[in-house]
Every structure is written in structure tokens, then in C-alpha cells.
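Some notes on the structure that comes next.
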Amino acid sequence: MKLILADHPDIPQAQLEEASRVVTFNKEAYSKVDTKNVAMDSDYQPDEIATDEEFDTLREWLTGQFFYAGVDIGPLVQNTFIDLFGHELLRQTKTIKKILQTEQPSEVKVFSDPKPVYHWSPLGSGQIIPGIPEAVATTENIQLRCFSKPITKRRIKNKVFRLVGPSVLRPLDWGSEMISRTRGDEPPHDSDIILFVFTKNNINVVEPVVEALDDGVNLTVVTHSHGFLNTGGEISAVLSNLDVPVVPLEQYASLASYKDEVNTVTQLGKAHNSAQPFSNHREHKLCGVDLTSALQSRGWLYSILQYPRVVRYVNMIQNMFRTEQPAAVLLKNDGPLPTRAVATVAADEGTPTLLIQHGVDLPSRRYVPVSDQIAVWGERWQKVMQAKGVGPDRTEITGAPQFDHLAHYSAKDQSQVREQLSVSVDSQAFTVLLASQPFDDTIRSDLIQTAIGAVSKLPDVELILRPHPREDTELHRNAATDMSNVQVSENDDIHDLLFASDVVLALRSTVVLEASLLSRPVIILNVSSEKPPISEFSEQNGFTEVTNQIEAHQCIEEMRNDPNCITRYVEKQPGFGREYALNEDGGAASRVARLVETLVPKSK
């Protein structure tokens with residue numbers, strides 16, 4: 001039996017006629033291919049993408065790749081690697097392996113035109129990662145041939161990027177950092193606490209903690225404008241209302257920071273193949289498949305851009321510690337590259353780190369905090385940390401600082417809050433809020449279309465689409481075009497939107513917690529096998545799940561017609577007192593602040 005595996009429909013007719021099976025690799029869940037010469041919406045996706053052991057293997061691949069000043073550089077890019085490449089690498093390997101084992105073909109032909117090498121592969125990507133089909137076919141002892149057009153935009157972009165990309169991007173990065181230096185204060189040269197942030201997201205987690213700190217604590221906010229052509233303007237604007245020094249990390253840079261980066265690039269360029277990232281001198285297997293060849297192109301990108309860049313970060317961070325000599329470091333996340341670098345160097349310096357939980361994460365080792373101590377929201381999240389391997393001695397239940405003010409909404413009037421929104425909401429209309437997430441475009445489109453379809457035939461029902469701060473809003477705006485009862489709200493306070501709504505549609509966001517704290521019924525849209533609801537927000541835990549727009553329509557119609565139904569939905573949802581978020585008294589920020597102050601020696 002001859003099988004065609006493709007990530008695009010442009011397959012020669014002669015090849016289609018010769019094939020016994022055609023499988024289009026896309027974002028849909030597993031479905032048996034049983035029709036001859038039909039391109040199916042199937043990728044044989046198992047429900048469980050990765051085990052804890054497989055995530056550990058991904059991290060082990062990064063360990064020991066490069067060292068700088070005693071710091072293992074490899075694990076610092078773990079979030080970038082796992083979230084934006086490794087997880088999808090694992091999904092595609094398992095998917096293609098299952099296809100071949102199920103179909104048992106004698107020959108496989110792959111038609112693929114993947115994205116350029118500098119593009120990341122989000123989970124659920126329809127583009128086949130080069131090298132995976134060959135690796136799996138070799139393992140399964142199946143003959144395989146790959147076809148791609150000799151000249152494509154992707155090939156041209158790859159060649160151009162390899163030739164000029166790094167030499168252009170690196171100076172642009174340096175120039176952005178020079179601009180960032182002018183945006184902040186001068187280093188104070190002595191700080192009790194360093195608060196490190198590198199994005200404007202979730203600043204509301206740390207703002208109330210800073211305000212609750214004792215006046216005698218000297219706190220310095222250090223920012224970093226991570227990303228090419230990012231000058232840190234958005235971070236500076238968000239932090240401008242804090243009455244504390246805000247210093248760009250670039251202020252701690254020296255000429256040595258950039259010299260060391262250039263030296264690293266030069267050394268890597270001269271290194272023999274076995275010294276390159278993901279080279280064949282180490283075993284790179286997953287699911288019994290040797291994926292070294294699939295890792296090589298990404299390894300090239302890391303060696304040319306990522307690892308040298310981290311050298312510069314580590315140099316600046318070490319200078320920061322020498323200058324400030326802080327008693328502790330406060331973080332709102334420690335997974336992304338800049339914050340992981342700070343936490344790692346802090347451990348090397350013997351400086352304790354405190355992480356404030358900022359959101360909801362799965363109880364797996366896809367992400368494991370490295371901070372010494374973690375301020376968690378409640379007992380349930382303490383158990384999540386334990387599932388990640390974080391011992392209870394490293395966690396302290398404080399509540400979520402960003403939820404403190406929700407206790408004050410009970411005194412507000414819904415109609416007045418609606419009048420303050422940037423979108424026009426009738427005071428008498430039954431209002432539905434969709435809180436979407438920065439997923440793959442197909443998943444986001446499914447969420448949006450499910451919500452629109454659920455309300456389209458309901459009179460006097462309005463739908464507000466709320467994009468996540470990290471989302472591109474084009475899908476939302478296009479979907480709302482010519483829909484009189486659908487509006488997009490990008491900038492309104494999310495808590496005002498929740499309070500102004502009658503029912504909330506969500507999937508796996510902290511919005512679920514916030515809506516419940518405001519006594520708003522939540523309908524979980526379980527419409528994607530790629531991104532199912534996390535266990536805390538599932539039917540088994542009291543939430544109502546729907547899998548399509550018909551079910552969503554029925555739930556919304558029921559609540560619109562019967563106010564008592566809303567009460568029943570809310571009562572089914574779990575309470576969010578001490579169990580989930582210790583916020584009933586609105587004192588989480590004060591508890592975190594007191595925890596921070598215990599890290600500052602009285603002598604300092």
C-alpha cells in the first residue's frame with residue numbers, strides 16, 4: 001500500500017491516482033483513513049501529547065550545550081524551545097508514527113512546503129517539520145521519498161536569512177537596547193529587592209505588592225525589552241505610575257557584554273559539527289525515534305542567535321547583581337528566557353528568588369518553576385505545584401494580588417459599569433462575553449465562530465469578543481464585521497467586562513477564576529482536542545462544558561429565559577475561597593508583601 005502524507009493540497013494528480021491513501025497533516029483530531037484517494041482532515045492525534053518524562057528529555061537536550069561564566073546556557077532557552085518547537089516536534093513525531101503504524105504502508109511519499117526556519121511551530125501546526133517523516137520511516141523500516149518544489153518562497157527566505165539574517169538582527173537588537181537605556185532611571189547602586197519584569201503582561205500581579213511594601217524597603221524595578229526591535233516603550237509606560245526606580249537591564253551592560261557575544265558567535269562558527277547544538281555526538285531520541293536530523297535546522301538557529309544572545313543577558317545580569325547586591329529578587333514568572341536567566345544567575349550568586357503565581361498552568365513538567373519560593377493563590381494551586389515536583393516547603397499560600405479588588409465589585413451597579421465600557425452595551429440586553437486565548441488561528445477561529453453561532457439567532461442577546469493581550473485581533477474584527485450584536489473590546493478592564501456580562505464563555509484561562517469570584521456563570525467551550533479544558537475547569541469539577549455551538553446556544557437561551565437558571569449554574573461552580581484563591585478578605589497583596597519583607601535582613 002502506498003501512502004501520501006502532505007501538509008498542503010497541491011499534489012500532482014498522477015501521484016494521487018497512484019496512492020492507496022492520502023493523509024493531509026492538519027490540526028484535527030484522530031480519525032481513521034478509510035477512503036481511497038481522499039485527502040482527510042486527520043492527523044491521528046492522541047489525546048495525551050507528552051509525558052513528564054518526555055518534557056524532561058526535551059530539557060536534557062538543552063543541558064550542557066554551552067557554558068558561560070559558570071552558567072549552563074542551554075536550559076535558559078527551555079521555554080522558547082519547549083513551547084515553540086519541542087512540544088510540536090513531539091506531537092508530530094507521535095502523530096506520524098501512529099499514521100504509519102496504523103496504515104502499514106510499503107512506501108510513503110511526503111509532499112511538504114514548511115515555513116522558513118526562523119518561524120516557530122505552534123502546537124497544532126499544519127506544517128510538517130522537516131526531518132520527522134524520514135526519522136519515523138527509518139524507525140519503522142518503511143521506504144520514504146520527500147517531494148518539494150526546487151524553488152519556493154520558503155527556500156529563498158531560508159537562504160537569505162542564513163546569509164544576512166543574523167548579521168542584520170544582532171545590530172538591530174543592540175540599537176534597540178541603546179534606546180531602552182534612555183527610557184529608565186540610573187541604577188541606584190543599592191537595592192533591598194529587585195523586581196524583574198520583561199513584558200507588560202500581568203503587571204497587575206506585582207503592582208499591588210509594590211504598593212503594599214513597607215516604605216523602608218528599597219525596591220528597584222529592572223526591565224528588559226526582550227525581542228528584536230523592542231525598545232521597552234510599552235513596559236516603561238505601564239510601570240510609570242509606580243513610585244520606584246525603573247531601570248532597564250541594559251543600564252548594567254558593558255562593552256564586555258557585547259564583546260563576549262561576538263566571541264561566542266565566532267567560536268561557534270569555527271566549531272566542528274560535534275560541538276554544534278543537537279549534533280549527532282549525543283542521542284536525541286523521543287518515542288524510540290532518532291530526531292537528530294529534525295533538530296539540526298533549529299539547532300543552527302539557536303547557535304547563531306539564541307545562545308550568543310543569552311551570553312549578553314547573563315553578563316548584564318551578573319553586573320546587575322554586583323551593582324545592586326539585592327537581598328532577594330521578585331519575579332512574576334520564571335519560565336521565559338530573560339526571567340529564567342535572572343533566576344539562574346541569582347541561584348549562582350546565592351540570592352533568594354520569590355515567584356508570584358500570575359496565572360493558571362497545567363500540572364505537568366512542561367513548565368517547572370526554578371525560583372526558591374513561590375507565592376501561590378490557594379491550596380489547589382499548591383497541589384498543582386506539587387504535581388510539578390515543587391515541594392510544599394517552597395510554596396506559601398497568599399492568594400492572588402490581582403484579585404484583591406474583586407471583593408469591592410459587590411457594591412457596584414452593573415448598568416453603571418456597562419456605561420463606562422468603550423463598547424456600547426444596552427443596559428437591558430442579555431450580554432455574553434467570550435474570553436479567547438492566544439492559540440493557533442484554527443482553534444481561535446473555532447472558539448469565535450462557536451460563540452457567534454450560539455447567539456446569532458437569539459433576540460436581545462449581545463456578544464462581546466475579548467482578545468487575550470497577546471492575541472492578534474484580526475480574526476475577532478473580521479468575525480464581528482456586519483454583525484450588529486457582536487462587538488470587540490480590546491482595552492476595557494477585563495474585570496469590568498466580566499461584571500458587565502451575564503454569562504462568560506471561556507476555555508482555559510484565569511478569566512474562569514475571575515468570573516467565578518464575581519459570581520458570573522461560566523460555560524467552558526470544549527471545542528478543541530488540541531486545547532481541552534484543564535482539569536480544574538471541567539465538567540467533573542462543577543463547570544458546564546459544551547462541545548459545539550448548538551449546546552452553547554441551548555445553555556445561553558436557558559439562562560436568558562430563566563434568571564434562576566443563572567443562580568443554579570453559579571452554585572454548581574466550585575467556591576474560590578481558600579481552596580482556589582485566598583482572596584475573600586482582599587488581602588493577598590499584603591500577604592505577599594510581608595513574605596517579601598522577610599527576605600530582607602534587618603541590618604540592610
Electrostatic pair R59-E54, nearest N-O below 4.0 angstrom: no
Q357 backbone acceptor or donor facing W377 side chain under 3.5 Å: yes
Residue list, salt bridge (charged side-chain N to carboxylate O under 4.0 Å, His left out) with K97, at least two apart or on another chain: none
Pairwise salt bridge (Lys or Arg N to Asp or Glu O under 4.0 Å) hits with a residue in residues 290-307, at least two apart: none
Pairing residues for Q402 by the side-chain hydrogen bond (donor to acceptor under 3.5 Å, both in side chains) criterion, not counting sequence neighbours: none
Working for ring-ring contact (aromatic ring centres under 6.0 Å, His included), residues H224 and F196: CA-CA 8 Å; H224 182 56; F196 184 83; 7.0 Å; no
Evaluation steps, side chain to side chain contact (heavy atoms under 4.5 Å, CB included), between F537 and L507: CA-CA 8 Å; F537 303 156; L507 179 57; over 6 Å; no
F278-F81 aromatic ring centre distance below 6.0 Å: yes
Heavy-atom closest pair, residues A294 and G131: CB-C, 4.0 Å
Those residues that, when tested against R145, pass side-chain hydrogen bond (donor to acceptor under 3.5 Å, both in side chains) (two or more places apart): none
Expected output: side-chain E107 to main-chain I142 donor-acceptor under 3.5 Å: no
The single option from I128, I4, L5 passing side-chain contact (heavy atoms from CB on, under 4.5 Å) against F111: I4
Residue pair L3 / I99, side-chain heavy-atom distance below 4.5 Å: yes
Criterion side chain to side chain contact (heavy atoms under 4.5 Å, CB included) on L90 and K94, from CA distance to verdict: CA-CA 6 Å; L90 184 56; K94 288 186 174 182; 4.0 Å; yes
Heavy-atom side-chain contact between L268 and F66 under 4.5 Å: yes
Listed partners of E539 passing salt bridge (charged side-chain N to carboxylate O under 4.0 Å, His left out), at least two apart: none
Results of salt bridge (charged side-chain N to carboxylate O under 4.0 Å, His left out) for K159 - residues two or more places apart only: none
Side-chain (D72) to main-chain (G64) donor-acceptor, under 3.5 angstrom: yes
From L291 atom CG to H284 atom NE2, the distance as rounded to the nearest 0.5 Å: 10.0 Å
Considering all heavy atoms, the nearest L498-A515 contact: CD1-N, 3.9 Å
Check against side chain to side chain donor-acceptor pair (under 3.5 Å), Y118 and N158: CA-CA 8 Å; Y118 51 84; N158 276 347; over 6 Å; no
Flag, side chain of H358 to backbone of K332, donor-acceptor distance under 3.5 Å: yes
Which atom of Y68 lies closest to which atom of N315, heavy atoms considered: OH-ND2, 2.9 Å
No-hydrogen, no-angle side-chain donor-acceptor test under 3.5 Å, S436 and E471: yes
Check: L434 and I448 side chains under 4.5 Å, non-hydrogen atoms: yes
With sequence neighbours excluded, residues passing side chain to side chain contact (heavy atoms under 4.5 Å, CB included) with S516: V522, F543, Q573, F576
Heavy-atom donor-acceptor pair, K388 side chain to V368 backbone, under 3.5 Å: no
Nearest-0.5 Å distance that lies between atom OH in Y367 and atom CG in D83: 11.0 Å
Side-chain H-bond candidate by donor/acceptor type, D372 with T353, under 3.5 Å: yes
Full working for side chain to side chain contact (heavy atoms under 4.5 Å, CB included) between L505 and L447: CA-CA 9 Å; L505 306 178; L447 291 171; over 6 Å; no
Value rounded to 0.5 Å, distance of OG1 in T80 from CZ in R340: 10.5 Å
D7 and S112 side chains, donor-acceptor separation under 3.5 Å: yes
Shortest non-hydrogen contact from V136 toward V289: N-CG1, 3.9 Å
Exercise: do E140 and Q101 side chains pair donor with acceptor under 3.5 Å: yes
Distance in Å, Q78 CD paired with T63 OG1, rounded so as to fall on 0.5 Å steps: 10.0 Å
Residues which pass side-chain hydrogen bond (donor to acceptor under 3.5 Å, both in side chains) with T395, listed by chain and number, not counting sequence neighbours: Q382
Side-chain touch Q143/V108, heavy atoms, less than 4.5 angstrom: no
Interatomic spacing from CG in N79 to CD1 in I82 - rounded to 0.5 Å: 7.0 Å
Residue that, paired with R444, satisfies salt bridge (Lys or Arg N to Asp or Glu O under 4.0 Å) out of D446, D441, D440: D441
Flag, side chain of S371 to backbone of Q373, donor-acceptor distance under 3.5 Å: no
Qualifying residues under salt bridge (charged side-chain N to carboxylate O under 4.0 Å, His left out), relative to E88, sequence neighbours excluded: R91
Set of side-chain hydrogen bond (donor to acceptor under 3.5 Å, both in side chains) partners for Q386, sequence neighbours left out: none
Main-chain N/O of A479 paired with Q449 side-chain donor or acceptor, under 3.5 Å: no
Gap separating the CG atom of L475 from the CG atom of L465, nearest 0.5 angstrom: 10.5 Å
Minimum heavy-atom distance between L144 and P133, given as atom pair plus value: CD1-O, 3.5 Å
Residues in side chain to side chain contact (heavy atoms under 4.5 Å, CB included) contact with V546, at least two apart in sequence or another chain: I523, L525, E551, A552, C555
Which atom of G74 lies closest to which atom of Y307, heavy atoms considered: CA-CE2, 3.6 Å
Modelled atom types, side-chain donor and acceptor of T339 and D334, under 3.5 Å: no
Side-chain donor/acceptor of R154 to backbone N/O of P114, under 3.5 Å: yes
Ion pair R466/E490, N-O distance below 4.0 Å: no
Could you list the donor-acceptor pairs under 3.5 angstrom formed between side-chain atoms of residues 162-170 and any protein atom two or more places apart in sequence or on another chain?
residue : atom : partner : partner atom : Å
S167    : OG   : V164    : O            : 2.9
R170    : NE   : E261    : OE2          : 3.2
R170    : NH2  : I304    : O            : 2.5

